[in-house]
Undergrad: 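Can you keep this structure in mind? I'll have questions shortly.
Just follow the structure's listing: the first ligand is 1, and inside any ligand the first atom is 1. Being a predicted model, the structure only gives us computed values, none of them experimental. Computed from heavy atoms alone, side chains included, the values below leave out hydrogens, waters and symmetry copies.
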Amino acid sequence: MKLLIIEDESRVADFVARGLQAEGHTPVVARDGRSGLAAALTVEPAVVILDVMLPDLSGLDVCQQLRAAGSRTPVLMLSALDSTEDKVVGLRMGADDYLTKPFAFDELVARIEALARRGLVASPRPARITIGRLVFDRETLAVTLDDERLDLTAKELALLELLLSAPGKVFTRASILNNVWGASEDPLTNVLDVYVHRLRCKLQPAGGDKAVIATVRGVGFRLNPDAWEVAADR
Ligand code: CA
């Protein structure tokens, strides 16, 4: 299975990756918090193995943001810290299990496999997705930006919900047309571009300088979760 290792210490990352590969898994390694978070949302691994002390974003931040983005991927935290308090914080931030360094490789594998099994029967998706200044409530279908409710049409909502199902992942034009308009729609029309443009205007936060929906030329579109980041001076 596909496993994501977020660890800046090459010695540990390489050791774990090689070992998991030998067990027949496909490990992907990210070396800092920010790229690790992006990978967790796009690679869709069965389990994330997450170090606590990372450059950029800490492991705790990665875990919190992963959950806030609606991801239910099981997270196993790795840390040299072993006080009860650190474990409690990690688990409160949404980690599913915690292992302290140094650890026995067999124990790591056993815990990853247990988490992956649990992941298969994962609890239902959270009703509410929060990405910085944007909140999407799946039950009431209310979308709010900076606490103001946006007026979206049914198609705009469907498009947003699809993009939010994997923030940062590139959706091809064909898959969006298929999911939102049904396969029968003629993909040659520019209906998709018109909707993306409208949705972009509605979702753009005041003062934000990053496009909320990025165009991937010749391929499709992806959400840019950073666009709703809460600025430090707000
Ligand atoms: Ca580290």
Undergrad: If waters are left out, how many protein N/O/S atoms lie within less than 3.0 Å of the Ca ion (ligand 1)?
TA: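 For the Ca ion (ligand 1), protein nitrogen, oxygen or sulfur atoms under 3.0 Å: 3.
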Undergrad: Between Glu161 and Lys155, is there a side-chain N and carboxylate O pair less than 4.0 Å apart?
TA: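 Looking at Glu161 and Lys155, the cut-off is not met.
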Undergrad: How about Asp32 and Ser35: does a side-chain donor come under 3.5 Å of a side-chain acceptor?
TA: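 Distance-only check passes for Asp32 and Ser35.
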Undergrad: Using side chain to side chain donor-acceptor pair (under 3.5 Å) as the criterion, list what pairs up with Asp8, not counting sequence neighbours.
TA: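 By the side chain to side chain donor-acceptor pair (under 3.5 Å) rule, Asp8 matches no residue at all.
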Undergrad: Apart from Val219 itself, what residues make up its hydrophobic cluster when side-chain heavy atoms of I, L, V, M, F, W and Y under 4.5 Å apart count as a link, directly or indirectly?
TA: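 Members besides Val219, by chain and number: Val170, Val216.
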Undergrad: Flag the pair Arg200 and Glu156 as a salt bridge only when some basic side-chain nitrogen lies within less than 4.0 angstrom of an acidic carboxylate oxygen.
TA: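 Glu156 and Arg200: not salt-bridged.
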Undergrad: Do any pairs count as a ring-ring contact (aromatic ring centres under 6.0 Å, His included) and have a residue in residues 13-63, sequence neighbours left out, and if so which ones?
TA: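 Passing the test, one end in residues 13-63: Phe15-Phe105.
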